[in-house]
Amino acid sequence: MLSLALGEFLREFWPMLLVLALGNTAIVALLPHARRSRPAWAIFAGFFTVVLGAALLIHSERFLVETVLFWSFALIAVAAGGMLVTQSNPVYAALAFALVVLSTCGLFLLQAAPFLMAATITIYAGAIVVTFLFVIMLAQQEGHSSADLRSREPILASLAGFLFLGALLCVLHRAYDRPQAQELTLLAERLHRVARAETPQEVFTEMGEPKALAMTSPLVDALEKYLVDETRLHNLEGRWAALRPGAGDKQLGEVKRNAAEVLRQLQEHYTLYGLGGPPRGWENDAPGVRPKLPAANVDALGQTLFTDYLVPIELAGVLLLVATIGAIVIAGRRSEELR
Amino acid sequence: MTSLSLENYLIVGAALFALGLIGFLARRNLIIMFLSVEMMLQGVALNLVAFSSYHGNLGGQVMVLFILAVAACEAAIALALILMLFRSKKSLDVSLWQELREPDQEPITDDEPLLPAPVPPPDPTLTPAGAEPAQRPQETSHV
């Protein structure tokens, strides 16, 4: 029983597991090691891991400017993250972290969060990284120290990290790439075409033609297993059974309205638009489409912050004050007072 | 809505978080350990902003703002503590603090010797250029 489940798991995920194993070997080879310097093959292995992982996991159907930007920001973020983890020189690591922050802010901007982009760049890449560089300059002026040239348990650490990443990616794959999710999206597309049909013939191409008595539509049969409350679906089937090739607008309108109701019920219960967004042309007339973020991001953020989240804002202010006082007190003590 | 679906951003966030986890567990320099923690926070922030834009709800972005504030506080306190630790042991190595380990844990020892530090190349020397000046006969005086 267990081996059956394991076999099924491996069959579903084996390309991703191979890529993760390659990334694991690359990271273990790249982490600082006492007796050898960084091997060149590991850099190529790391690069190939990122490219193969992106090819496997990232789905983008349309080649727009946005896709190119997403790819470049994501690749730079992951590559700079790898650099941060494996660099010996802490100054280079801090600069790699600044690069991670910049690419993450690019991804923020792609998702309609311009204020967060500006705030994160100012606070992280501007203030925190500079403070870190100050501390490094105070503590370690010679660049490398003996601590930087060694790692603690590199094999176990990267195994833990990649097991965690593998678990996350498997869960994401199961949630978004299941064949059933795609099947549901296809069924919803067909239903949407019925809801927008101009002639009865279009309805018949999607749902089949009701020739005999008590005939069921294959579309309705396929949709039955996705809905608990089937009254609207049966209404649709009844209207469809009464439709004739020469039917008037009123009967066609009934079929279309019922189809739209079933579609709304589906959308309430399933995340239909998880894969690549809604199909073309849906954004304007599909019922129940998810709300979009307001375009005036700063205005809307300000309004939300100072009405819904007022108490957390004040608490965050108090936290900042306490942290500042604490930092001054801690760093201001002389080392003799420690003992 | 975007042509890129939600799970692409979640995958990037997961990758950043996992890399930060590896960095925190494997490195010995306190500064790099803390930078890895900050990278984990970046991965989480990316997840939150992705969900916020997917649902059209500003709550995710508000949460990232608070993460920013808390990360700034945490950076201040952590750097103050790192400075105190450095003043004690004059090093940023976390393995020097072996007395903080669990009672039944073995101390970490550095068995492997490091590679010898690379000798910097000697300064270049130039061959003298030009001809030797002609030897003038020794003159006693011009007086």
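The chains referred to below are lettered A, B, ... by the order of the sequence lines, with proteins before strands, and numbering in each begins at 1.
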Side chain / backbone / both / neither for B/Leu58 at chain A, heavy atoms under 4.5 Å: both

Donor-acceptor pair between A/Gln111 and B/Tyr9 side chains, under 3.5 angstrom: no

Engaged part of A/Phe73 at the chain B interface, taking heavy atoms whose separation is under 4.5 Å: neither

Euclidean distance, A/Leu165 CG relative to A/Cys170 SG, rounded to 0.5 Å: 9.5 Å

B/Leu81, part contacting chain A, at a heavy-atom distance under 4.5 Å: both

Segment of A/Ala316 engaging chain B (4.5 angstrom heavy-atom cut-off): side chain

Portion of B/Ala78 that has a non-hydrogen atom of chain A nearer than 4.5 angstrom: neither

Region of A/Ala94 in contact with chain B, defined by heavy-atom distances below 4.5 Å: both

Which atom of B/Met84 lies closest to which atom of A/Ala331, heavy atoms considered: SD-CA, 4.3 Å

Best-contacting candidate, B/Gly59, B/Ser91, B/Ala50, B/Ser95, against chain A by heavy atom pairs under 4.5 angstrom: B/Ala50

Residue among B/Asp93, B/Val62, B/Val94, B/Leu83 with most heavy-atom pairs under 4.5 Å to chain A: B/Val62

B/Leu79 versus chain A, the contacting section by heavy-atom distance below 4.5 Å: side chain

Side chain, backbone, both or neither of A/Thr86 within contact of chain B (heavy atoms, under 4.5 Å): backbone

Contacting moiety of B/Ala75, where chain A heavy atoms sit under 4.5 Å: side chain

A/Ile123 versus chain B, the contacting section by heavy-atom distance below 4.5 Å: side chain

Which atoms of A/Leu319 approach chain B - backbone, side chain, both or neither, heavy atom under 4.5 Å: both

Per-residue contact mode, A/Ile313 against chain B (heavy atom under 4.5 angstrom): both

A/Phe164: partners by ring-ring contact (aromatic ring centres under 6.0 Å, His included), with sequence neighbours left out: B/Phe17

Part of A/Thr304 within contact of chain B (heavy atom distance under 4.5 Å): side chain

Between B/Leu35, B/Leu46, B/Val64, the one whose heavy-atom pairs under 4.5 Å with chain A are most numerous: B/Leu35

Minimum heavy-atom distance between A/Ala327 and B/Ala80, given as atom pair plus value: O-CB, 3.7 Å

B/Glu38 versus chain A, the contacting section by heavy-atom distance below 4.5 Å: both

B/Met39 to A/Gly81 - nearest heavy-atom pair and separation: SD-CA, 3.6 Å

Segment of B/Leu10 engaging chain A (4.5 angstrom heavy-atom cut-off): both

Part of B/Leu25 lying under 4.5 Å from any heavy atom of chain A: both

Interface residues of residues 95-103 of chain A facing chain B - heavy atom cut-off under 4.5 Å: A/Phe97, A/Val100, A/Val101

